[in-house]
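Basis for what follows: all heavy atoms, side chains included, without hydrogens, waters or symmetry-related copies.
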Amino acid sequence: MTRIAARRSDAELLNEIDRGADMPVGAPIDGAALRQLGRAVEARDAADAAIRDAVARARTEGHSWATIGAVLGVSRQAALKRFG
């Protein structure tokens, strides 16, 4: 399943929660926590993309994997493995 398809399904789920469709009898379920979680996932994805772009730019500018790893708080090897 692609991330786009997963997000579409998440949106559909939130709509169902908001409508109260097919929810078990008992305490009402508020979709606010799930919406907050969805926003956090989107923020994480955006941060990951920004880091990938910054690493690519740093490499283009000639910075070493050791320096990039130091900025990321990981070893040279870890930086190279993740972004190389």
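Arg76 contributes atom CZ, which lies 11.5 Å from atom OG1 of Thr67 (distance to the nearest 0.5 angstrom). A distance of 6.0 Å separates CD1 in Ile51 from CZ in Arg82, rounded to the nearest 0.5 Å.
Closest approach of Ala79 to Gly69, counting heavy atoms only: CB-CA, 3.8 Å.
Val74 has its side chain out of reach of Ile68: every pair of non-hydrogen atoms, C-beta onward, lies at least 4.5 Å apart.
Under the 3.5 Å distance criterion, the side-chain polar atoms of Thr60 are matched with a main-chain donor or acceptor of Ala56.
Sequence neighbours left out, the pairs with a member in residues 47-59 that pass side chain to side chain donor-acceptor pair (under 3.5 Å) are Arg57-Glu61.
Cluster membership check: Val71 does not share its hydrophobic cluster with Leu80, using side-chain heavy-atom separations under 4.5 Å among Ile, Leu, Val, Met, Phe, Trp and Tyr.
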